[in-house]
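The figures that follow rest on heavy atoms only: side chains count, while hydrogens, waters and symmetry mates do not. Order of listing sets the numbers, starting from 1, for every ligand and every atom in it.
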Amino acid sequence: MRNLLFTLKSNTYLTKDFLANENLEEGEYLIDRFSDGELFVRIGSDVKEKECYVLGSSAPPDENLTSLLLLAHTLKKEGAKKVTALIPYLGYARQDKNKVGESLGVDWLGKVLKASGVDSVITIDIHSNKGKKLLSIPTTSLSSASIFAPIIRDKGLSTATLVVPDEGAVTNGRNLQKESKISGDVAYYEKHRDDEGISIADLHGTVGENVIIYDDIISTGSTLVACCKKLKNAGVKDITIMVTHGLFVGSKWEELWSLGVSNIYTTNSTPQALEHASEKITILSISTLLDISS
Ligand code: R5P
């Protein structure tokens with residue numbers, strides 16, 4: 001019996017890749033709005049006792065998350081045995097700091113997913129292990145290292161220094177180092193964020209003339225711009241950026257081109273990344289990673 005894949009509007013560009021998996025067939029459903037704007041779902045496939053995958057997004061616009069929750073709830077109501085949410089980029093995972101008076105988005109996300117019938121989550125490079133624990137729902141966070149490693153080999157970058165923008169990203173950096181057989185240890189910056197914005201303190205480790213920066217997210221690009229300024233001052237000549245989730249918000253990130261960055265490699269985990277594909281921004285496919293073979 002094949003499992004069913006239900007893809008939400010936010011992620012239809014990935015459907016074809018996922019359906020290349022012979023264990024999956026496309027689930028039929030309709031999602032629309034009533035005249036007052038409320039979302040509603042109608043399932044067309046027989047989902048009783050079936051394992052169902054919902055491919056969607058928890059990132060803005062909010063409709064993405066509400067659609068995912070309502071679809072999961074409807075699948076369970078109709079008798080699905082198990083619902084797994086496939087959320088390549090897990091929005092709200094950056095809200096993992098329990099600050100007085102502020103929302104703890106990742107904890108909330110886990111609770112609403114669970115309450116809506118989601119049994120487990122599969123994502124890529126979740127922002128932090130702390131967030132993974134707070135999500136309180138069985139979550140597999142796949143590493144993007146195997147997507148980027150071939151680029152390091154093919155482009156002859158294995159003598160570059162691997163740098164991560166903060167200490168929390170060192171484990172991810174080591175995964176990429178292992179996978180790509182890049183030499184030397186992973187260097188990292190100490191990153192601080194306050195009301196004034198992001199500040200990058202001293203580098204732990206040493207860098208040569210060529211650097212690869214590896215991070216989970218490029219949003220505004222402030223983190224990477226701050227890092228590249230430091231690296232440029234340290235005499236680095238060429239920087240390659242490898243970043244799992246490309247959000248490319250605003251235009252700050254474009255400063256990277258004047259700071260020694262020659263190329264950005266990211267994945268198609270977000271639709272925003274696809275819009276930024278260019279000669280210098282390469283979009284790599286996540287399909288090899290999200291191979292649902294059970
Ligand atoms: C933060 O800790 C993340 O790892 C990213 O470095 C950060 O979220 C990127 O955001 P931005 O591009 O706005 O600096």
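Residue pairs that meet the salt bridge (charged side-chain N to carboxylate O under 4.0 Å, His left out) test with at least one member in residues 96-116, sequence neighbours left out, are Asp107-Lys111.
Under the 30°/60° scheme for interplanar angles, the aromatic rings of His276 and Phe248 are found to lie parallel.
Under 4.0 Å from any atom of ligand 1, one finds heavy atoms of residues Arg94, His127, Asp166, Lys191, Ile198, Asp215, Asp216, Ile217, Ile218, Ser219, Thr220, Gly221, Ser222, Thr223.
The residues Glu25 and Lys50 are annotated as not salt-bridged, no charged nitrogen and carboxylate oxygen being separated by less than 4.0 angstrom.
Residues forming a side chain to side chain contact (heavy atoms under 4.5 Å, CB included) with Thr159 (at least two apart in sequence, or on another chain): none. For Lys252, the salt bridge (charged side-chain N to carboxylate O under 4.0 Å, His left out) partners are Glu255, not counting sequence neighbours.
Across every non-hydrogen atom of Val236 and Val207, the tightest pair is CG2-CG2, 3.8 Å.
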